[in-house]
Amino acid sequence: MSHHLFILSPSDTPIYSLTYSSTKPAGNVSSPLSSNLPTWSTSAFAGTLTALSGASSTTQHTSGGGVRIGGGQDRHVIQMIANASLDAVEEVMRKENTMYLKSVDKFNEWTVSAFITPGNSKFILLHEAKNDEGIRAFFTDVWELYVKTVMNPFHSAQRVIKSNVFDARCRASAKKYL
Amino acid sequence: MSSAYAHPHPRLSSVTSAASSPTASSSRFSLPSAATLVTASKAGTGQRPNIYDRNLNKTRVAEVSGSAFSFLFSEVVQYTQKRVSGINDLERRLNTLGYRVGIRVLELMIWRAESSSKAPKREIRLLPSLMSIHTHVWRAVFGRPADALEKSVENADEYMIIDNDPLVERHISVPKDLSQLSCSSFTAGIVEAVLDGLGLPARVTAHSTPTAQYPNRTTVLIKLEKSVLEREELLK
């Protein structure tokens with residue numbers, strides 16, 4: 001079960017991303033058929049098509065009779081879902097005054113949770129299973145790390161966060177809570 | 001100024017203790033001489049504390065002396081003045097510098113207030129945001145709340161924060177030929193950054209409005225963008 005975290009600057013430039021695969025068992029296991037499929041059907045393209053077609057995470061029968069596995073695990077599909085969720089996030093953050101917005105958006109098997117810092121930076125997390133409390137704790141940790149990063153006078157809002165320590169701490173927190 | 005800007009403290013103290021040079025230990029000055037600084041930082045690069053190891057919550061001990069800040073700010077103004085062609089330009093640059101401070105003040109201030117809460121809150125309404133700038137931001141930066149928050153009578157989109165004796169100008173006397181200049185543009189920049197961060201974009205400027213009682217009295221004028229007022233209407 002994987003998690004994808006994106007940190008966006010106030011002007012929505014991605015400044016950090018993290019992919020974390022947790023060892024906890026996934027709620028909905030994808031079909032074992034995927035391993036038997038020819039490579040062309042699980043290529044990036046097929047994944048995009050399946051993901052876009054709105055299919056659920058399980059199998060889908062195409063017109064040709066072949067069976068395809070739901071996409072959505074490809075890097076660019078993940079990024080697209082994260083990007084698309086921004087609309088939902090912005091709509092909610094105008095009305096809600098909490099920083100942690102749980103499950104603001106859903107796309108196929110992915111649920112999107114967000115955290116808005118007071119300075120309007122956004123943390124976007126794509127996850128599959130429901131884990132509100134863990135995600136809240138994770139966001140709180142990332143927030144502290146983010147504030148520490150911002151306090152650095154050499155950091156500017158648009159700059160990508162490249163610190164190894166930041167990365168390691170985020171991963172440690174993900175391991176603990178996700 | 002208080003708080004976040006005191007970052008060098010732990011590092012400096014570790015440097016002084018690491019430096020065994022007699023100049024540092026016997027001297028009456030709290031800062032080690034330049035030479036010991038250089039050698040110590042070369043030797044100690046491995047153990048220098050990481051910014052992620054620092055605690056963000058030491059408000060009491062991290063206060064900065066007012067004279068140190070005045071000295072620093074006077075250098076900032078002089079440095080800026082050498083690089084600009086007019087008063088407008090100078091104010092704009094001071095505003096930009098303040099903006100950089102403001103972004104950090106906002107993040108840190110709210111983090112300190114909300115991070116221990118189960119459901120941290122953001123401010124989304126206009127008036128509470130302005131109140132919090134008037135009270136909390138001023139207290140975080142200058143150690144006391146501002147003296148007044150007023151709404152303009154003529155224009156619905158203008159608000160004013162008034163400080164009778166702004167800290168940044170306490171030791172500044174503006175020469176006659178620069179009479180339009182208000183060094184509180186730096187403060188205006190802080191306010192602008194905070195408003196921007198809260199999603200309330202505005203143009204913020206500072207103006208000297210002296211009275212007989214308060215010769216340093218300064219008004220920070222906030223001119224909100226149209227979108228802010230429209231949104232505020234919708235939220236009602």
Side-chain angles (χ1 to χ4, degrees), chain A residues 7 9-12 89-102 113-123 132-133 135-159 161-173, chain B residues 3-8 48-57 62 96-97 99-125 128-129 132-133 136-137 140 193-201 227-228 230-232 234-236:
Chain A
I7 297 183
S9 77
S11 53
D12 289 346
V89 170
E90 280 184 4
E91 198 170 312
V92 176
M93 65 182 265
R94 266 164 224 267
K95 289 176 283 190
E96 294 290 328
N97 66 351
T98 50
M99 293 187 196
Y100 172 33
L101 310 169
K102 58 185 172 200
S113 288
F115 186 93
I116 320 290
T117 72
N120 213 4
S121 292
K122 301 176 189 74
F123 306 160
D132 288 345
E133 221 19 58
I135 290 170
R136 193 190 60 79
F138 173 65
F139 274 148
T140 311
D141 272 12
V142 176
W143 184 25
E144 176 170 352
L145 293 169
Y146 176 76
V147 172
K148 285 178 176 171
T149 310
V150 170
M151 284 301 128
N152 182 357
F154 291 103
H155 177 82
S156 67
Q158 311 296 325
R159 181 169 303 178
I161 301 174
K162 278 185 281 194
S163 162
N164 292 332
V165 183
F166 183 87
D167 191 61
R169 298 272 169 106
C170 280
R171 276 175 201 283
S173 174
Chain B
S3 67
Y5 315 105
H7 277 219
R48 177 195 274 193
N50 192 284
I51 54 168
Y52 296 107
D53 293 328
R54 295 219 173 108
N55 190 347
L56 287 172
N57 253 334
T96 314
L97 287 170
Y99 196 95
R100 293 174 56 97
V101 173
I103 298 171
R104 295 172 170 87
V105 168
L106 175 68
E107 287 280 359
L108 187 65
M109 190 184 77
I110 310 255
W111 186 86
R112 282 182 177 158
E114 296 281 340
S115 67
S116 51
S117 132
K118 273 265 170 199
K121 298 263 192 300
R122 296 179 308 129
E123 197 53 73
I124 52 169
R125 299 297 302 267
S129 304
S132 121
I133 292 176
H136 298 125
V137 172
V194 172
L195 284 170
D196 261 0
L198 293 170
L200 308 162
S227 60
V228 175
E230 287 167 1
R231 195 182 100 183
E232 201 56 23
L234 289 175
L235 281 171
K236 267 179 191 163

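A note on names: the letters A, B, ... follow the listed sequences, proteins ahead of strands, and every chain is numbered from 1. Since the model is a prediction, treat every value here as computed from it, not as a measurement.
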If you draw a 6.0 Å radius around CG in B:N55, do more than 12 non-hydrogen atoms from other residues or ligands fall strictly inside?
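Count over threshold, so yes.
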If I measure from the heavy atoms of chain B, does [X] come under 4.5 Å with its side chain, its backbone, both, or neither?
{"X": "A:E144", "value": "both"}
{"X": "A:P118", "value": "both"}
{"X": "A:S163", "value": "side chain"}

Proximity breakdown for B:R231 and chain A, heavy-atom pairs closer than 4.5 Å:
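Side chain only.
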Can you tell me which portion of B:I110 sits under 4.5 Å from chain A's heavy atoms? Options are side chain, backbone, both or neither.
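For B:I110, backbone and side chain are both near chain A.
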Which of the residues B:E123, B:K118, B:M109 is involved in the greatest number of heavy-atom pairs with chain A at under 4.5 angstrom?
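Looking at each option in turn, the highest pair count goes to B:K118.
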Test: A:D167 and A:R171 ion pair at under 4.0 Å
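A salt bridge is present here (some side-chain N lies under 4.0 Å from a carboxylate O).
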Output yes when B:D53 and A:K148 qualify as a salt bridge under the 4.0 Å nitrogen-oxygen rule, no when they do not.
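Salt bridge flag = no for A:K148 with B:D53.
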Side-chain contact test, heavy atoms from C-beta onward, threshold under 4.5 Å: evaluate it for A:S11 versus A:Q158 and give yes or no.
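Side-chain contact under 4.5 Å: yes.
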Can you tell me which of A:Y146, A:F115, A:Y100 forms the most heavy-atom pairs within a distance under 4.5 Å of chain B?
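Looking at each of A:Y146, A:F115, A:Y100 in turn, A:Y146 comes out on top.
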Identify the two heavy atoms, one from A:D12 and one from A:E90, that lie closest to each other, and give their separation to 0.1 Å.
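In this case the closest contact between A:D12 and A:E90 is OD2-OE2, 3.3 Å.
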Give the minimum heavy-atom separation between B:I103 and B:A193, together with the two atoms involved.
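Smallest heavy-atom distance, with atoms named: N-CB, 3.5 Å.
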